[in-house]
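All ligand and atom numbering here is 1-based and tracks the order in the structure. All of these numbers come straight from a predicted model, not from anything done at the bench. All values below come from the heavy atoms of this structure, side chains included, with hydrogens, waters and symmetry mates left out.
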Amino acid sequence: MSETAAVPTAPLRARAEIDLAALRANVRALRARAKGAALMAVVKSDAYGHGAVPCARAAVEAGATWLGTATPEEALALRAAGLDTRVLCWLWVPGGPWREAIEADIDVALSGMWALREVTEAARQAGRPARVQLKADTGLGRNGCQPADWPELVAEALRAEREGLVRVTGLWSHFACADEPGHPSIAAQLTRFREMVAYAEEQGVRPEVRHLANSPATLTLPETHFDLVRPGIAMYGVSPSPEIGTPADFGLRPVMTLSASLALVKHVPGGHGVSYGHHYVTPGETTLGLVPVGYADGIPRHASGTGPVLVDGKWRTVAGRVAMDQFVVDLGGDEPPVGAEAVLFGPGDRGEPTAEDWAQACGTIAYEIVTRIGTRVPRVYVNGEEEG
Ligand SMILES: *Cc1c(COP(=O)(O)O)cnc(C)c1O
C-alpha cells in the first residue's frame, strides 16, 4: 500500500510523520472508555490533517465500526478508496450529491425539511431507500433541527419511511461546551436530547444508533455515550482542551510529528533585523537557523515571535515573522549542521513541543494546529501494519 510505505530515505524539506500504531492504540483506549457503545472515527477534513484514508483504515483495524465526515465528498472519497464501513456525513447544502450518497450506502444527516425533501426525491430516482439520521439542535445553535421543528421532521421522516424512501437509522446531536467541565449547557443538552429521542421513538422511529458524544464527552461524560461515540481529536492523540487533561491522562498519544530540515545556519552580528518587518533584532552576535516551512504550510503567522521548535536538543522560538515558506530561529551561537532536524511538534517525549504548545503560543486550539498543516507537507506513514 503506497500510503503506508516505509519512510523515504531521501531528505525532505518538511514532513508530517503519522504514527498509525499510536492512532490504533488511541482508538482502542477510547473504545475501552466507552464500553458498550460503538465508535465512529471522525475523519473529516482529511482526518484533521492526518490523511483520511490511512487513518480511517487504521481506525477500522482498531475496532471503529463507523466513520464520520462533514462533507459528502469526503464520504465518497472513503468509498472510492475501498472502505465499506458505515459512514455518516453531516454537512449538506441544496443539490446534494444525495443520489451518489444513497448509491454509495452513506448514511446522511438531516437537520431540516429541505434536506428531507431533497433526499426522498433522490431516493425515488435511485429506486432504493436512503439511510437518514435526524439531527437535533439540543442547544449548540449550529446545525440540527430546533425542538419546535422536530415534530414535523419526525412525522415527515416516518411518512417517507412508510413509503420506502428512507430508513431512519439514527437520532443524534452535538455538544456546545463538553470541553468545559461542569458547564451548565452540558446537562441541559443531555436532558433535551433524551426528550427529543423519546419523542421520536414514541412516534415510531426505531433508530439503530442514538449518539451525542464528541471527544471530550467520550473522555469525561459516560452518561452521554448512548449507542455510539464520535471522537475526532482524541483519536489523533490530542486533548480537546487542557482543562480536561493531557493526552497522557487518558492514555492517548499524539499521532502527528511535524519536522523540517534546517535550510541554512549562519553567523550574524548583534543588532541584525530578522525576517519581514524586523520584529526581531539579534541581541548580540549569534547564529540563525532557517526553518523552511511557513504559513503556506499551515504554520500560523500568529506564531511569529512565539512558536516553539526543538533544534539540536534545545527549545528555540520563532524569531520575527513567519513568512509564506520559511521562518528563522535564533540558535544563540550553536551551530547544528545544515539539514539538522527542527521538530515543531510531536508527542513530546523526545523533548519536543506539542501541538498544544503551539496552540497556546498562537492563541488557538490544538485542533487548528494539526488540521491546518497544508498539502505541501508530505505525510509519511509509519507503523502502518499491525505487528504479529
Ligand atoms: C467534528 C465533530 C465531531 C468530533 O469532534 P471532536 O471534538 O474532534 O471529538 C463529532 N461530531 C460532529 C458532528 C463533529 O462535527
Self-check item: Single-linkage hydrophobic cluster, 4.5 Å side-chain cutoff, I365 and V238 together
Solution: yes
Practice problem: Would you mind telling me if ligand 1 is within reach of the side chain of R230, the backbone, both or neither, using heavy atoms under 4.0 Å? | Solution: both
When the side chains of residues 188-198 are checked against the rest of the protein, which donor-acceptor pairs come out under 3.5 Å, sequence neighbours left out?
| unit_1 | atom_1 | unit_2 | atom_2 | d |
| --- | --- | --- | --- | --- |
| Q189 | OE1 | A176 | N | 2.9 |
| Q189 | NE2 | T138 | OG1 | 2.9 |
| Q189 | NE2 | H174 | O | 2.9 |
| T191 | OG1 | A187 | O | 3.0 |

Quiz item: Does an N or O from S215, backbone or side chain, lie closer than 3.5 Å to an N or O of ligand 1?
Solution: yes
Quiz item: Under 3.5 Å, N or O to N or O, is G232 touching ligand 1 that way?
Solution: yes
Practice problem: For Y48, counting its heavy atoms only, list the atoms of ligand 1 lying under 4.0 Å from any of them. | Solution: 1 (C), 4 (C), 5 (O), 6 (P), 8 (O)
Quiz prompt | In one Ile/Leu/Val/Met/Phe/Trp/Tyr side-chain cluster, 4.5 Å: L91, L78 | solution = yes
Quiz item: Do NZ/NE/NH1/NH2 and the carboxylate oxygens of D105 and R128 come within less than 4.0 Å?
Solution: yes
Quiz item: Same cluster for V274 and V329 if Ile/Leu/Val/Met/Phe/Trp/Tyr side chains link at under 4.5 Å?
Solution: no
Quiz item: So which protein heavy atom does atom 7 (O) of ligand 1 come closest to, and at what separation?
Solution: Y367 OH, 2.6 Å
Practice problem: Please could you name the atoms of ligand 1 that P231 approaches to less than 4.0 Å, counting only its heavy atoms? | Solution: 9 (O)
Quiz item: Atoms of ligand 1 less than 4.0 Å from I233 heavy atoms?
Solution: 6 (P), 8 (O), 9 (O)
Quiz item: Hey, is ligand 1 close enough to W172 that some N/O pair sits below 3.5 Å?
Solution: no
Exercise. Going by heavy-atom distance to atom 14 (C) of ligand 1, choose the closest among M40, R142, K44.
Key: K44
Self-check item: Criterion side chain to side chain donor-acceptor pair (under 3.5 Å) against W98, the qualifying member of E118, E103, Q125
Solution: E118
Output a table of donor-acceptor pairs, distance under 3.5 Å, between side-chain atoms of residues 203-211 and any protein atom two or more places apart or on a different chain; print 'none' if there are none.
| unit_1 | atom_1 | unit_2 | atom_2 | d |
| --- | --- | --- | --- | --- |
| R206 | NH1 | E201 | O | 3.1 |
| E208 | OE1 | R86 | NH1 | 3.1 |
| E208 | OE1 | R86 | NH2 | 3.4 |
| E208 | OE2 | R86 | NH2 | 3.2 |
| R210 | NE | D227 | OD2 | 2.8 |
| R210 | NH2 | D227 | OD1 | 3.2 |
| R210 | NH2 | D227 | OD2 | 3.3 |
| H211 | ND1 | R230 | NH1 | 3.0 |
| H211 | NE2 | Q133 | OE1 | 2.8 |

